[in-house]
Amino acid sequence: MQRDELLEEIPTDRAAVPDGWQDQEAIFRRVGIGVLVVVLVLAAVGAFGPREATTSSPDGSVSVTHPSVTRPGLDSRVVVTIPPGEGGEPPVVEMDRAALEALGLTSFSPEPAAVTSRGERVELEFEPDGDRDVVVTLSGRVPTQAPTGSTRWGIARPGGGRSGTVSMRTWVLP
């Protein structure tokens, strides 16, 4: 008799499960589907892919277009725009050596007239182009074994008349 009494107490249909559990399951399912839809929409519009940004120094003496998000093995390109110097002084750009290595920048256009290494910084001097901006393109390929994460780096225009610094961040995604 005890066995039969125990079997009668065990619920055999879903209606015997408390309503609170069904409500929580439905909420979790809806939230999960919503998160999945948001991720898919962001991926479809390219939010997780490579992109560039343009940053300028506060005084306008240097403007840099650089990769803000990239991946290992992709081509990288940094474009530095330098307004003409005062008094015909040659335009000089100083940048972190770590940025050159992290972004795999190996070629310069136009070629610098002089390259000077100063510790962890590299100074590139270019020929003045009269009254026109000097546009320098540094290009290469992000190393395939590049560590993922963010890299902070900077480009500066040292010197007398117009000098400025641009700080940038590049994210390398897996």
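Pairing each heavy atom of V172 with each of P72, the nearest pair is CG1-CD, 3.8 Å. Considering every non-hydrogen atom in both V62 and V166, the closest pair reads O-CG2, 3.8 Å. Considering every non-hydrogen atom in both V142 and S76, the closest pair reads CG2-CB, 4.0 Å. Between W153 and D96 the shortest heavy-atom distance is CA-OD2, 3.2 Å.
Between the side chains of S117 and R97, at least one donor N or O sits under 3.5 Å from an acceptor N or O. The closest side-chain donor-acceptor pair between W171 and T70, if any, does not fall under 3.5 angstrom. Between the side chains of S57 and T165, not a single donor N or O lies within less than 3.5 Å of an accepting N or O.
The shortest distance between side-chain heavy atoms of S63 and V80 does not fall below 4.5 Å. The shortest side-chain heavy-atom distance between E125 and T116 does not fall under the 4.5 Å cut-off. Side-chain atoms of V64 and T54, non-hydrogen and from C-beta on, never get closer than 4.5 Å to each other. M168 places a side-chain heavy atom less than 4.5 Å from the side chain of I155. Side-chain contact between T170 and L103 is present, with at least one heavy-atom pair separated by less than 4.5 Å. Side-chain contact between P67 and V78 is present, with heavy atoms from C-beta onward closer than 4.5 Å. Using a 4.5 Å heavy-atom cutoff, the side chains of E127 and P112 are not in contact. Under the 4.5 Å side-chain criterion, counting only non-hydrogen atoms from C-beta, V79 is not in contact with V136.
Atoms CG and CZ, from L173 and R71 in turn, are 5.0 Å apart once rounded to the nearest 0.5 Å. Within the model, atoms OG of S139 and CG of D75 stand 8.0 Å from one another, a figure rounded to the nearest 0.5 Å. Rounded to the nearest 0.5 Å, atoms OG1 (T106) and CG (L138) are 9.5 Å apart. Annotation: the span from L100 atom CG to F108 atom CZ amounts to 5.5 Å, rounded to 0.5 Å.
Checked by atom type and distance alone, the side chain of R152 never pairs as donor or acceptor with a backbone atom of R169 at under 3.5 Å.
For CZ of R121, the number of neighbouring non-hydrogen atoms (other residues, nucleotides, ligands) closer than 6.0 Å is greater than 12.
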